[in-house]
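Heads up: numbering here begins at 1 and tracks the sequence.
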Amino acid sequence: MEDEVERRQFEQILELDDEELQIEEVDSLLESSDDDRETTGGASIDDFTFDTYLTSLHSYLGEVDDTRHRSAFWEGGAILNLPLFYLEGVVLFPEATLPLRVTKPNFIAAVNRAMSQADAPYTIGVVRAYRNTNGGLLNLAKIGTTAEIRQYRPLEDGTVNLVTRGQQRFCLRHHWIDAGASFGEIQIIEKDVPFITPRDACAKLVPLSNIRSQQMLSLNPSSCGGGNEKIDSIATSEESFESELSQTEWRIHQSAIGACNVSDRTDESTSSDDDYKSCRSDYQSGNPSLNDSSSPPYSYEKQIRNAGLGIGAKYMARKLAGPRSRISCGAFWPYWVYRVYDSCFLAQRAADMWKQIVGMPDMDGFVRKPDLLSFYIASKIPVAEPTRQELLEIDGISYRLRREIELLERLDCIRCKICQTIIARRSDMLVMSSDGPLGAYVNAHGYVHEVMTFRKAYGLALRSQPTEEYSWFPGYAWTITNCASCETLMGWLFTAINEKLKPKAFWGIRSYQITDDMR
């Protein structure tokens, strides 16, 4: 008996020695490629031989058959009953790929119903499942995404392999079990329409710099010939401009000029002194005037962006217009105010930031389609799962893009959710899939993991032997890694099997285990 105990202890010591040897070898592999790493997080051509397209095929699932079916899009407000998948740690966005290995009986029944239902064939609903901080019952998010089954293969053991693609956002009204299958009643969310600043918008209405002169003209029309005609011309110009706006553009235009009217009706003593001092300080420090139609100083744009045309901007507008000016409703905000909400401008800004951080060279196709870009960045940005759910729930392309720009500006460190240890940095991001730096992968047991890839990681300990079986990245073996501080499963180390394959090693971090603190 004692001999058996000693033998086991000796084996454990050998395993620990092997672990330390693995860590030393991995560190040498990573350090050997650090000199060639670009600051954007991408790899140089000489330092990268892996075909990222292979990852997006999810070949680890084996052979799967193309369903050759493409679901129709439903109108906003449509109510449907769909088989429902609720997944922990997963937020599906439109146009994102979600692989599934279905092993649970209720989900297998849901797939079978989806393949045969008449009103919405080959379609399932996917919602994020989560637990409260203290554990407890499983909760379902109210907003999810429909997923079209693109590839399908039933296996001999009764399980099913799927590759699905996100389609449309929906609101989950309620859910139930029907003949063993999870079902939900959903209502399709209307597709967002990008807001684009109307052409020559600023030229069709009188600029803010002329408000005071218009006010004086209205108070004393006899002082200048044709005063009434000029006022009528301003009103006609505004009506002509508004007639060319879409419904969305008209609402934003009204909110902008309406803010000035609200300020005019508000007594001057109720305004925020802090806001006024902030505006006055920026204004007197040599910044261009508010009536300049060119790009404004960043402080003004940030003030409008963060406050949503708040009291600070309204107070300055009132100061320019004078108290209780009725003619101020005919004035037009400068171009940069509209640019804050312009979907194309925001898309270009977000794309430039994304290229700088991730190193993806071509984003022009996305810039021309701001709605797709907003969902693409939301599905790939390395942030915690609750933040990704927040991005899914945002209505309005411009508002989603603005939130993503804010997150990209803050993105610096990736931290463990449990102990706040820094696990990786933005500069170490690595794109190992044609889908981007973050993607969804499913293991042999049916658990879906959203994984972000990094060239380098910190504070991780190896907890298994490398294995090639069911590897998400062809040509790489994977090793389980835990946070060295709290021993939480953080992800995997992937090491190249072929000596010619580069990078030689990289890390996959679970988005489920990171915190929102990115400073």
Starting from the C-alpha separation in whole Å, work towards a yes-or-no answer on side chain to side chain contact (heavy atoms under 4.5 Å, CB included) for Phe85 and Leu92.
CA-CA 11 Å; Phe85 273 60; Leu92 179 64; over 6 Å; no
Apply side chain to side chain contact (heavy atoms under 4.5 Å, CB included) to Thr145 and Phe93, showing your working.
CA-CA 6 Å; Thr145 305; Phe93 288 85; 5.5 Å; no
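- Salt-bridge formation is not detected for the pair Glu393/Lys142: no Lys NZ or Arg NE/NH1/NH2 atom is positioned less than 4.0 Å from an Asp or Glu carboxylate oxygen.
- Trp74 places no side-chain N or O within 3.5 Å of a backbone atom of Ile79 that could act as its donor or acceptor partner.
- Arg400 pairs in a salt bridge (Lys or Arg N to Asp or Glu O under 4.0 Å) with only one of the listed residues (Asp395, Asp371, Asp192), which is Asp192.
- Side-chain contact between Thr103 and Thr159: present, with at least one pair of heavy atoms (C-beta onward) separated by less than 4.5 Å.
- With respect to Asp428 and Arg455, no salt bridge is recorded, no charged nitrogen being found less than 4.0 Å from a carboxylate O.
- Contact of the Val431 side chain with the Phe48 side chain is not registered, since no non-hydrogen atoms from C-beta on lie closer than 4.5 Å.
- The NE2 atom of His175 lies 4.5 Å from the CG atom of Leu140; values are rounded to the nearest 0.5 Å.
- Separating the CG atom in Asn161 from the OH atom in Tyr60 is a distance of 9.0 Å, to the nearest 0.5 Å.
- Rounded to the nearest 0.5 angstrom, Asp435 CG and Lys380 NZ are separated by 4.5 Å.
- Put simply, CG on Leu460 and CD1 on Ile480 are 13.0 Å apart, with the number rounded to the nearest 0.5 Å.
- Closest heavy-atom contact between Gly77 and Gln187: O-NE2, 3.4 Å.
- Using modelled atom types, one side-chain atom of Thr49 and one backbone atom of Lys500 make a donor-acceptor pair closer than 3.5 Å.
- Remark: Arg402 qualifies as a cation-pi partner of Tyr341 under the 6.0 Å distance and 45° angle criteria applied to the six-membered ring.
- At distances below 3.5 Å, at least one donor-acceptor pair connects side-chain atoms of Ser343 with backbone N or O atoms of Phe195.
- In this structure, Thr421 and Ser485 approach most closely via the heavy-atom pair OG1-OG, 3.4 Å.
- Note: Phe107 and Tyr86 meet the aromatic proximity criterion, with ring centroids under 6.0 Å apart.
- More than 12 heavy atoms of other residues, nucleotides or ligands lie within 6.0 Å of CD in Gln420, so this atom counts as buried by the packing criterion.
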Under the salt bridge (Lys or Arg N to Asp or Glu O under 4.0 Å) criterion, do Arg153 and Asp65 qualify, and how do the steps go?
CA-CA 6 Å; Arg153 171 58 68 94; Asp65 300 323; 3.0 Å; yes
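- The main-chain N or O of Gly491 is found under 3.5 Å from a side-chain atom of Thr481 such that the two form a donor-acceptor pair.
- The two residues Arg128 and Pro386 have their closest heavy-atom pair at NH2-CG, 3.9 Å.
- Side-chain atoms of Asp352 and Gln356 form no donor-acceptor pair, as typed in the model, at a separation below 3.5 Å.
- In terms of modelled atom types and a separation under 3.5 Å, the side chain of Ser379 and the main chain of Phe375 share a donor-acceptor contact.
- Residue Arg388 comes nearest to Ala378 through the heavy atom pair NH1-O, 3.2 Å, listed as atom of the first residue, atom of the second, then distance.
- At least one side-chain heavy atom of Val127 sits under 4.5 Å from a side-chain heavy atom of Phe170.
- Within the 4.5 Å cutoff, the side chain of Tyr512 has heavy atoms near those of the Lys417 side chain.
- Between Met353 and the choices Leu407, Ile377, Leu408, the side chain to side chain contact (heavy atoms under 4.5 Å, CB included) rule is met once, by Leu408.
- The environment of NE2 in His445 is sparse: at most 12 heavy-atom neighbours from other residues, nucleotides or ligands sit within 6.0 Å.
- Note: Phe50 CZ to Thr55 OG1 = 3.5 Å, rounded to the nearest 0.5 Å.
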Begin with the C-alpha distance, continue with both residues' side-chain angles, and end with the deciding distance and a verdict on side chain to side chain contact (heavy atoms under 4.5 Å, CB included) for Ile397 and Leu346.
CA-CA 9 Å; Ile397 299 169; Leu346 293 171; over 6 Å; no
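- When side chains are defined from C-beta on, Ile124 does not count as touching Val111, because their heavy atoms never get closer than 4.5 Å.
- Judged purely by atom type and a 3.5 angstrom limit, Arg165 has no side-chain atom pairing as donor or acceptor with the backbone of Arg150.
- Closest non-hydrogen pair, Ile422 versus Cys413, comes out as CD1-SG, 4.0 Å.
- With contacts defined as side-chain heavy-atom distances shorter than 4.5 Å, the pair Ser59/Leu54 does not qualify.
- A side-chain N or O of Asn106 and one of Ser182 form a donor-acceptor pair less than 3.5 Å apart.
- The main-chain N or O of Ile149 is found under 3.5 Å from a side-chain atom of Thr67 such that the two form a donor-acceptor pair.
- For the pair Gln117 (side chain) and Thr123 (backbone), a donor-acceptor distance under 3.5 Å is present.
- Taken to the nearest 0.5 Å, the CE atom of Met432 stands 7.0 Å off from the OG1 atom of Thr453.
- Side chain to side chain, Ser464 and Thr479 fail the donor-acceptor criterion of an N or O pair below 3.5 Å.
- Cys416 is not listed as a side-chain neighbour of Ile514, based on a closest heavy-atom distance of 4.5 Å or more.
- Using a cut-off of 4.0 Å between Lys/Arg side-chain N and Asp/Glu carboxylate O, Glu409 and Arg349 are scored as salt-bridged.
- In terms of modelled atom types and a separation under 3.5 Å, the side chain of Ser434 and the main chain of Ser56 share no donor-acceptor contact.
- A salt bridge is defined here as a Lys NZ or Arg NE, NH1 or NH2 lying under 4.0 Å from an Asp or Glu carboxylate O, and Glu406 with Arg403 meets this definition.
- Between Asn112 and Ser116, the shortest heavy-atom distance links the atoms O-OG, 3.1 Å.
- The pair Arg510-Glu450 does not meet the salt-bridge criterion, since no charged nitrogen lies less than 4.0 angstrom from a carboxylate oxygen.
- Side chain of Gln168 to main chain of Lys191: no donor-acceptor pair is present (N/O by atom type, distance under 3.5 Å, no hydrogens or angles).
- Residue Phe494 is tested with Phe473, Tyr476, Trp478, Tyr441 for a ring-ring contact (aromatic ring centres under 6.0 Å, His included); the sole match is Phe473.
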So Ile423 and Gln513, side chain to side chain contact (heavy atoms under 4.5 Å, CB included) or not? Walk me through it.
CA-CA 10 Å; Ile423 301 299; Gln513 285 303 136; over 6 Å; no
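- In this structure, the side chains of Leu100 and Leu87 come closer than 4.5 Å at one or more pairs of heavy atoms.
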